[in-house]
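It should be emphasised that the depicted structure is a prediction, and the values quoted were computed from it without experimental measurement. Proteins get letters first, then strands, A, B, ... in listed order; numbering begins at 1 in each.
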Protein chains: 2
Amino acid sequence: MRKRRARKQFAASDPFAGIASNLSRLVEPVLLYLLATDRAHYGYEFMEEAAHFAITDAHIDAAVIYRTLRALEQNGFVISSWAPGASGPARRLYEVTPAGLEHLKRWAVVVDQRGRAMVYFAQLCNQL
Amino acid sequence: MRKRRARKQFAASDPFAGIASNLSRLVEPVLLYLLATDRAHYGYEFMEEAAHFAITDAHIDAAVIYRTLRALEQNGFVISSWAPGASGPARRLYEVTPAGLEHLKRWAVVVDQRGRAMVYFAQLCNQL
DNA sequence: ACTCCATATATGTACTTTGCATATAGTACC
DNA sequence: GGTACTATATGCAAAGTACATATATGGAGT
């Protein structure tokens with residue numbers, strides 16, 4: 001008889017726990033950064049801006065953007081409000097909260113560490 | 001009626017296509033590197049050696065190791081053979097192929113680029 | 001008015017990957 | 001026989017992702 005395991009639940013409970021899996025795309029910190037630097041303010045705009053970041057893959061799916069923004073809001077890292085579009089449908093505008101900025105700072109430490117480790121690893125590989 | 005989509009198949013067909021998802025853990029290049037430098041030669045040994053690499057998370061699950069090794073073998077990047085264990089059950093010993101070394105070189109380029117981008121991104125974050 | 005297109009958000013769902021548990025088995029020691 | 005360590009392998013559910021689809025606003029062209 002297989003025991004019913006209680007699988008670890010992250011995302012909503014401990015927002016920083018899922019860092020290993022999010023690290024692959026770094027969507028979360030990039031969105032926070034774009035918001036914090038006033039480069040993007042709503043979902044559709046993020047799609048275009050995020051593409052300029054070499055840190056992420058060339059294309060980030062819209063679904064990932066919208067769902068990540070919702071997750072960030074649930075964790076209190078951003079707040080949204082509706083605003084009329086310049087031409088077209090309404091936009092959901094996002095703002096970073098102080099907690100969101102702190103979260104980005106924590107991300108920065110992890111990204112820096114892993115980034116350095118990766119550069120170092122690449123160097124080791126080239127010495128073969 | 002929902003259309004049956006033909007989802008992109010990677011892994012076996014184009015071994016380098018799954019780089020985005022594998023990038024999170026970098027298990028594949030680390031295993032190849034450990035093999036190439038004679039630091040590990042079979043699954044169980046990889047588990048202990050890989051833990052010393054800061055590039056990956058502290059712990060890599062055994063299942064990931066074994067499945068990654070199998071995938072590498074299917075793609076012709078490693079070859080395996082059975083050998084008696086020093087004390088205990090037999091081990092499946094792995095060797096890197098020339099194709100595997102090339103694959104590692106390609107990985108190194110990507111890891112270096114992304115690593116630099118991450119360090120740069122962290123720097124941008126710290127300037128906020 | 002109607003079609004077409006860009007903008008904009010949201011969600012359904014199948015697929016992939018991952019993490020934990022379990023299965024199996026050889027050797028060693030008591 | 002029982003326990004512990006070594007060693008490989010796999011089942012399965014959770015988590016994450018990719019693609020498709022649904023809905024809707026507003027502008028340009030006909």
Discussion item. Between F121(A) and Y33(B) (judged by ring centroids, cut-off 6.0 Å), do the two rings come close enough to count as a pair?
Written reply: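 Centroid separation for F121(A) and Y33(B): below 6.0 Å.
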Discussion item. For R91(B), give me all partners under salt bridge (Lys or Arg N to Asp or Glu O under 4.0 Å), at least two apart in sequence or on another chain.
Written reply: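 Scan of R91(B) (salt bridge (Lys or Arg N to Asp or Glu O under 4.0 Å), adjacent residues dropped) gives none.
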Worksheet item: Just by distance, do the side chain of N75(B) and the backbone of A71(B) share a donor-acceptor pair under 3.5 Å?
Response: yes
Worksheet item: Is the side chain of D61(A) donor-acceptor paired with the backbone N or O of A63(A) at a distance under 3.5 Å, no angle test?
Response: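 Yes, D61(A) side chain to A63(A) backbone: donor-acceptor pair under 3.5 Å.
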Worksheet item: Any luck finding a side-chain donor-acceptor pair between E28(A) and H103(A) under 3.5 Å?
Response: yes
Practice prompt. Between protein and nucleotides 5-11 of chain C, map the contacts as a letter string: B base, S sugar-phosphate only, - none, heavy atoms under 4.0 Å, written 5' to 3'.
Written response: --BBBBB
Discussion item. From CD of E73(B) over to P of dT8(D), roughly how many Å is that when rounded to an integer?
Written reply: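 Computing the E73(B):CD to dT8(D):P distance gives 13 Å.
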Discussion item. How many whole angstroms separate atom CD1 of I65(B) from atom P of dT8(D)?
Written reply: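 Taking CD1 of I65(B) and P of dT8(D), I get 10 Å after rounding.
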